[in-house]
Amino acid sequence: MDVVEEKRYALLLAARDSEYVKKVYGGYFYVFAAAFGEEGERWDLFRVVEGEFPDMNELHKYDGFVITGSPYDAYANDYWIVKLCFLLQTLDSMEKKILGICFGHQVVCRALGGKVGKAYNGWDLGLTRVRMVKDLSACSFLENLGEIPPSLSIIECHQDEVWEVPLGAEVIAFSDKTGVEMYTIGAHILGIQGHPEYTKDILFNIIDRLLNNNAIERELAENAKFALEIAEPDRKCWEKICRNFLKGKI
């Protein structure tokens, strides 16, 4: 009888758990595992923001790596961010599957030679309509999704962005505010600026905390909440895109 080897993934957590997420979901790890994981898989947590990294001698045991969002700047030179860039360069050389979300999308870009910085159009907060490029023939992980809509709604929460993608990267989605909403590098790297894993209540809590900390204006907060109250993100489609990419399904 054939033995099916267990799929193994690593979540590189670049943010600390909020009290809200810990109370409601048990932590961001469980938010990501619920969104992208499947039965029979093993998911390991590494709090890279606190200096926890996978053993370099164990990297070959993983089928994929997910880098989360973060309140930190992907272009900063904090020790853990620089160390994360080195890890990502190593994973790229191994052609390991890498899925970068928000900060993760940006830091992968930086690590591999692209440019990131403050968003030219300021905060993007709330629900954003992302438009796919017309030619997606290079994205094999999209093939069994059926016909991809020309645009998809996704929750966004960022004030930094990718300015220039690395050499060899392909931009596959954009929006009115952000020129690089999604990119691929080969068949092993996918960057997504938005948050396919976020639920509305998670973003509502983040908006409240940003407002209480005077990080955003009240008008921006109210507009972001209103957009989420009258429309829904295409979460199921985004989750399927991410799962298909990570599992190598074609």
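If you're wondering where the values come from, they're calculated on a predicted model, not measured in any experiment.
At least one donor-acceptor pair closer than 3.5 Å links the side chain of S70 to the backbone N or O of A14. Side-chain atoms of H158 come within 3.5 Å of backbone atoms of D160 as a donor-acceptor pair (strictly under, hydrogens ignored). Remark: the backbone N or O of H188 is not paired with any side-chain donor or acceptor of E95 at under 3.5 angstrom. Side chain of R110 to main chain of A74: a donor-acceptor pair is present (N/O by atom type, distance under 3.5 Å, no hydrogens or angles).
Counting non-hydrogen atoms of other residues, nucleotides and ligands closer than 6.0 Å to CD of E217 gives a total of 12 or fewer. More than 12 heavy atoms of other residues, nucleotides or ligands lie within 6.0 Å of NZ in K118, so this atom counts as buried by the packing criterion. Dense packing is recorded around CD of E229, with more than 12 heavy atoms of other residues, nucleotides or ligands lying under 6.0 Å away. More than 12 heavy-atom neighbours from other residues, nucleotides or ligands sit within 6.0 angstrom of OH on Y75.
Counting only N and O atoms by type, the side chains of N213 and R209 include no donor and acceptor under 3.5 Å apart. A donor-acceptor contact closer than 3.5 angstrom is absent between the side chains of E58 and H60.
In summary, E161 and K177 do not engage in a salt bridge, as defined by a charged side-chain N under 4.0 Å from a carboxylate O. Salt-bridge annotation for K225 and E222: absent, with no side-chain N of the basic residue lying under 4.0 Å from a carboxylate O of the acidic one. A salt bridge is defined here as a Lys NZ or Arg NE, NH1 or NH2 lying under 4.0 Å from an Asp or Glu carboxylate O, and K23 with D17 fails to meet this definition. Salt-bridge formation is not detected for the pair K7/E38: no Lys NZ or Arg NE/NH1/NH2 atom is positioned less than 4.0 Å from an Asp or Glu carboxylate oxygen.
A heavy-atom distance below 4.5 Å is found between the side chains of I155 and L127. In this structure, the side chains of V130 and S151 stay at 4.5 Å or more apart for every pair of heavy atoms. Side-chain contact check for T184 versus I189: every heavy-atom pair is 4.5 Å or farther apart. In this structure, the side chains of T68 and C102 stay at 4.5 Å or more apart for every pair of heavy atoms. Inter-residue side-chain proximity for V21 and Y30 is flagged as unmet; no heavy-atom pair is nearer than 4.5 Å. Looking at I172 and L190, their side chains come closer than 4.5 Å, going by heavy atoms from C-beta outward. Looking only at side-chain heavy atoms (C-beta outward), L59 and P54 come within less than 4.5 Å of each other. Inter-residue side-chain proximity for D234 and I154 is flagged as unmet; no heavy-atom pair is nearer than 4.5 Å.
When the side chains of ILVMFWY residues are joined at heavy-atom separations under 4.5 Å, either directly or via intervening members, F53 and M56 end up in a single hydrophobic cluster. Taking hydrophobic clusters as Ile, Leu, Val, Met, Phe, Trp and Tyr residues chained together by side-chain heavy-atom distances below 4.5 Å, Y62 shares a cluster with F86. Y79 and L87 end up in different hydrophobic clusters when Ile, Leu, Val, Met, Phe, Trp and Tyr side chains are linked at under 4.5 Å. No continuous path of hydrophobic side-chain contacts links F204 to F226 [ILVMFWY only; heavy atoms under 4.5 Å].
Here the CG-CZ distance, from L84 to F46, works out to 12.5 Å after rounding to the nearest 0.5 Å. Summarising the geometry, atom OH belonging to Y183 is positioned 13.0 Å from atom CD belonging to E170; distances are rounded to the nearest 0.5 Å. A distance of 14.0 Å separates CG in D78 from NZ in K83, rounded to the nearest 0.5 Å. Remark: E164 CD to K115 NZ distance equals 4.5 Å, nearest 0.5 Å. Expressed to the nearest 0.5 Å, how far OH of Y198 lies from CG of L228 amounts to 12.0 Å.
In plain terms, the two heavy atoms of V116 and Q106 that are nearest each other are CG1-O, 3.4 Å. In plain terms, the two heavy atoms of I216 and A221 that are nearest each other are CD1-CB, 3.8 Å. Between A173 and V133, the closest heavy-atom pair is N-CG1, 4.2 Å. The two residues C157 and L210 have their closest heavy-atom pair at SG-CD1, 4.3 Å. Considering all non-hydrogen atoms of both residues, K247 and F36 come closest at NZ-O, 2.8 Å. Nearest heavy atom pair, residue S18 against residue N205, reads OG-OD1, 4.2 Å.
When the ring pair (Phe, Tyr, Trp, His ring centres under 6.0 Å) test is applied to F174, no partner is found at least two apart in sequence or on another chain. With sequence neighbours excluded, no residue forms a ring pair (Phe, Tyr, Trp, His ring centres under 6.0 Å) with Y28. Applying the side-chain hydrogen bond (donor to acceptor under 3.5 Å, both in side chains) rule to D201 yields the partners Y20, Y25, T199; only residues at least two apart in sequence or on another chain are considered. Partners of Y120 under the ring pair (Phe, Tyr, Trp, His ring centres under 6.0 Å) rule, at least two apart in sequence or in another chain, are W163. Checked against ring pair (Phe, Tyr, Trp, His ring centres under 6.0 Å), Y9 has the following partners two or more places apart in sequence or in another chain: W43. Partners of D176 according to the side-chain hydrogen bond (donor to acceptor under 3.5 Å, both in side chains) rule, which considers only residues two or more places apart in sequence or in another chain, are R131.
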**Message:** Could you go through D44 and L11, starting from their C-alpha distance and side-chain angles, then the distance that decides it, and tell me whether this counts as side chain to side chain contact (heavy atoms under 4.5 Å, CB included)?
**Reply:** CA-CA 6 Å; D44 296 336; L11 183 72; over 6 Å; no
**Item:** side chain to side chain contact (heavy atoms under 4.5 Å, CB included) evaluation trace for L167 with L112
**Value:** CA-CA 8 Å; L167 187 66; L112 301 184; over 6 Å; no
**Message:** side chain to side chain contact (heavy atoms under 4.5 Å, CB included), that's the test. Do H105 and V180 meet it? Break it down for me.
**Reply:** CA-CA 10 Å; H105 158 93; V180 184; 4.1 Å; yes
**Request:** Show the numbers, then the answer: is there a salt bridge (Lys or Arg N to Asp or Glu O under 4.0 Å) between E197 and R235?
**Result:** CA-CA 7 Å; E197 82 288 1; R235 284 194 70 215; over 6 Å; no
**Asked** What do the steps show when you test N121 against T178 for side chain to side chain contact (heavy atoms under 4.5 Å, CB included), and what is the final call?
**Response** CA-CA 8 Å; N121 294 314; T178 305; over 6 Å; no
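Tested against V108 for a side-chain contact (heavy atoms from CB on, under 4.5 Å), the candidates L91, D92, I98 yield a single pass: I98. Each of I192, L152, D124, V162 was evaluated against E181; a single residue qualifies, D124, per the side-chain contact (heavy atoms from CB on, under 4.5 Å) test.
With F65 as the aromatic partner, K96 does not meet the cation-pi criteria of under 6.0 angstrom to the ring centre and within 45 degrees of the ring axis.
Ring pair W80/F103: centre-to-centre distance below 6.0 Å.
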